[in-house]
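Take a look at the structure below.
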Amino acid sequence: MSKMRGRILIPLPNTGSMGRKRNNFYMRSIFLLALCIFGLLQYHNFNYLDSRDTVLGDAVTNDSDDAILAMVPAPLHKYLTPHSRNHSGTATTGTLGVLGAPLLLNSSSSGAATATTISFDVYHPPNISEIKRQIVKYNDMQLVLNEDTFGPLQNDSVIIVVQVHTRITYLRHLIVSLAQAQDITKVLLVFSHDYYDEDINDLVQQIDFCKVLQIFYPYSIQTHPHEYPGVDPNDCQRNIKKDQAMISNCNNALYPDLYGHYREAKFTQTKHHWIWKANRVFNELEVTRYHTGLVLFLEEDHYVAEDFLYLLAMMQKRTKDLCPQCNVLSLGTYLKTFNYYTYHSKVEVMPWVSSKHNMGFAFNRTTWTNIRKCARHFCTYDDYNWDWSLQHVSQQCLQRKLHAMIVKGPRVFHIGECGVHHKNKNCESNQVISKVQHVLRIARTSHQLFPRSLTLTVPSLSKKTKLRKGNGGWGDLRDHELCLNMTLATR
């Protein structure tokens with residue numbers, strides 16, 4: 001016992017407890033460090049995405065002519081350079097020429113430059129009779145430009161149809177964007193005109209990057225300025241009351257539109273032109289006789305991304321598994337803010353809606369044949385808009401309604417500031433074009449174009465599109481008859 005009392009007891013450390021505390025300390029430190037890193041990444045990612053979300057709506061871009069031109073490859077500058085025929089008859093050397101190029105100076109023996117007057121042929125635009133002859137010539141010839149370079153159209157190739165009026169500035173930029181697209185050499189590019197303009201013809205015939213064909217709507221206001229389908233002197237005034245119209249015995253007095261208004265030629269022409277060009281491409285052109293591929297519809301004030309054909313082909317391949325019921329593919333949206341980082345490879349499917357899916361959309365001959373069988377619904381529906389009329393056809397006539405696959409990150413953009421439905425004070429195209437160029441440059445540098453695959457997203461629940469009254473402007477029986485006659489196949 002005495003020996004035991006003499007010992008000094010030293011408590012041994014609890015190594016298990018200390019180890020656990022040390023491990024807990026390390027784990028807490030690692031967790032806090034990971035949390036900080038995660039927070040920093042999220043903050044950076046938020047700013048990254050936000051910068052893309054606001055590009056089209058709020059981006060500050062340089063929209064000067066020089067800045068826009070600097071974004072275009074030098075070989076394509078020729079499409080942006082005006083070569084107007086409407087110049088004066090004389091010019092004096094020592095000043096800038098029509099296109100801004102200096103004219104040559106004559107030098108005297110003393111070395112001093114002297115001015116010399118050079119005469120030019122004054123351009124006289126063609127009269128209506130000549131324009132009609134030219135239209136008949138072009139439509140009869142059906143000449144495919146550049147076919148010797150790029151070969152004949154393949155039956156499954158894409159046909160792009162551009163509806164053209166008079167806005168050549170927008171058209172120049174559309175052509176530049178098309179020229180930069182991958183696989184553009186394989187397409188047939190059809191320009192459908194409702195206004196004969198030799199400056200526009202020169203621009204179109206200058207295209208050297210694919211096959212080109214021009215067609216001309218033969219019933220335009222330009223060629224019929226004082227008779228139907230232009231403005232007949234005896235046409236009822238838009239706002240005249242029906243009883244007064246009947247007393248005056250003006251044209252179509254018995255048939256105002258849904259809202260009591262009478263026909264305005266400038267609004268009816270676009271719908272006539274749309275149905276004519278569709279029928280012309282699918283049912284009348286010799287070059288399309290055996291074509292089974294997609295026909296993509298664009299307008300003069302659109303702008304395309306360089307991967308739009310690549311994405312269109314990918315969407316076409318994926319319809320079998322992503323959307324067997326889809327018969328329309330849509331590459332454009334009217335969103336003002338979006339980001340390619342989130343949506344560059346995503347698509348959604350839904351019933352085709354005229355106000356959302358009418359830009360850069362494509363379908364094949366099978367779909368067109370079904371639409372043409374419903375021509376009476378299209379041609380008698382009291383709405384001067386072709387797209388609302390097409391939606392009416394889908395809702396009221398087609399057994400297989402129009403169902404669309406839509407790309408969430410658009411590949412077709414609307415750059416037109418002014419037109420039938422838009423009358424902004426500032427009709428300059430530079431601002432929107434500059435923003436679209438900026439969007440596509442960011443998408444390109446961040447590798448958001450040419451996705452390797454497509455992902456189907458579920459669209460947010462939306463109200464079912466209701467049947468609706470038309471917008472009017474299409475009550476004249478002459479318009480119904482002309483429209484129906486233009487859906488007849490003549491091949």
Side-chain angles (χ1 to χ4, degrees), residues 158-165 167 170 174 190 192 194 267-279 281-282 294-305 308 311-312 315 323 326-336 338 347-364 367-368 370-372 374-375 377-379 381-398 401-422 432 436 459 462 465-468 470-474 483:
V158 174
I159 295 176
I160 301 173
V161 186
V162 183
Q163 185 157 325
V164 184
H165 185 49
R167 296 178 293 173
Y170 294 126
L174 170 61
V190 179
S192 183
D194 59 27
F267 293 119
T268 62
Q269 177 168 274
T270 304
K271 179 173 174 177
H272 281 308
H273 184 182
W274 191 90
I275 196 70
W276 176 85
K277 79 178 182 191
N279 188 68
V281 170
F282 281 108
L294 291 173
V295 174
L296 175 69
F297 293 89
L298 298 176
E299 297 180 16
E300 63 186 11
D301 60 348
H302 290 170
Y303 194 100
V304 300
F308 83 102
L311 202 71
L312 184 65
M315 292 168 70
C323 182
C326 284
N327 47 16
V328 177
L329 304 177
S330 181
L331 295 174
T333 67
Y334 289 96
L335 297 177
K336 291 189 176 181
F338 56 85
V347 295
E348 58 184 0
V349 299
M350 63 180 66
W352 188 82
V353 178
S354 61
S355 59
K356 296 180 180 180
H357 311 139
N358 64 356
M359 179 170 62
F361 72 105
F363 53 76
N364 61 19
T367 301
W368 164 250
N370 293 331
I371 291 172
R372 193 165 68 92
C374 296
H377 283 79
F378 182 93
C379 291
Y381 182 55
D382 194 358
D383 194 314
Y384 68 94
N385 297 290
W386 64 263
D387 49 353
W388 285 107
S389 302
L390 193 58
Q391 182 165 319
H392 175 75
V393 166
S394 177
Q395 293 175 331
Q396 291 291 294
C397 182
L398 293 179
K401 302 191 183 308
L402 298 180
H403 212 85
M405 179 187 291
I406 306 107
V407 62
K408 298 264 301 185
R411 266 53 177 197
V412 176
F413 301 83
H414 182 248
I415 59 173
E417 287 293 273
C418 294
V420 174
H421 299 289
H422 306 281
V432 178
V436 170
S462 58
T465 305
K466 296 181 180 179
L467 299 177
R468 55 185 292 282
N471 289 304
W474 199 265
C483 178

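What you see below is based on every heavy atom in this structure, not just the backbone, and it leaves out hydrogens, waters and symmetry mates.
Taking the side chain as every heavy atom from C-beta outward, E299 and Y170 never approach each other to under 4.5 Å. Residues I371 and F363 have side chains in contact (heavy-atom distance under 4.5 Å, counting atoms from C-beta outward). Side-chain contact between Q269 and D194 is present, with heavy atoms from C-beta onward closer than 4.5 Å.
Inspection of the D301 and H414 side chains reveals an N or O donor paired with an N or O acceptor under 3.5 Å.
Put simply, CD on Q391 and OG on S354 are 4.0 Å apart, with the number rounded to the nearest 0.5 Å. Here CG of N358 is found 9.0 Å from CG of N385. Values are rounded to the nearest 0.5 Å. Interatomic distance, L298 CG to F308 CZ, rounded to the nearest 0.5 Å: 6.5 Å. The line from CE of M315 to CG of L294 is 9.5 Å long, rounded to the nearest 0.5 Å. Distance check: I159 CD1 to N364 CG gives 11.5 Å after rounding to the nearest 0.5 Å. Here T333 contributes atom OG1 and R411 contributes atom CZ; the two are 10.5 Å apart, rounded to the nearest 0.5 Å.
Scanning both residues, M405 and C323, for their nearest heavy atoms gives CE-CB, 4.1 Å. For the pair V349 and C326, the tightest heavy-atom approach, listed with the atom from each and the gap, is CG1-SG, 3.8 Å. When all heavy atoms of K277 and F297 are compared, the closest pair comes out as CE-CD2, 3.7 Å. For the residue pair S192 and H273, the shortest heavy atom distance occurs at OG-NE2, 2.7 Å. Taking every heavy atom of both residues into account, P410 and G332 meet most closely at CB-CA, 4.4 Å. The two residues L398 and N370 come nearest to each other via the heavy atoms CD2-O, 3.4 Å.
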Test V295 against W368 for side-chain contact (heavy atoms from CB on, under 4.5 Å), laying out the working first. CA-CA 10 Å; V295 174; W368 164 250; over 6 Å; no
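Here the rule is ring pair (Phe, Tyr, Trp, His ring centres under 6.0 Å) with W274, and of W386, Y384, W388 only W386 fits it. For the ring pair (Phe, Tyr, Trp, His ring centres under 6.0 Å) criterion with H392, the lone passing option out of F378, Y381, W474 is Y381.
Residues passing the side chain to side chain donor-acceptor pair (under 3.5 Å) test with H377: none are found, sequence neighbours excluded. Take D382 and apply the side chain to side chain donor-acceptor pair (under 3.5 Å) test, not counting sequence neighbours, and it matches no residue. Considering only residues two or more places apart in sequence or on other chains, H165 meets the ring-ring contact (aromatic ring centres under 6.0 Å, His included) condition with none of them.
Under a 3.5 Å cut-off, the side chain of S394 and the backbone N or O of L402 do form a donor-acceptor pair. No donor-acceptor distance shorter than 3.5 angstrom exists from the side chain of D387 to the backbone of L390, with no hydrogens or angles considered. A donor-acceptor pair is defined here as one N or O able to donate and one able to accept, closer than 3.5 Å; no such pair exists between the side chain of K271 and the backbone of C483. Under a 3.5 Å cut-off, the side chain of N327 and the backbone N or O of K401 do form a donor-acceptor pair.
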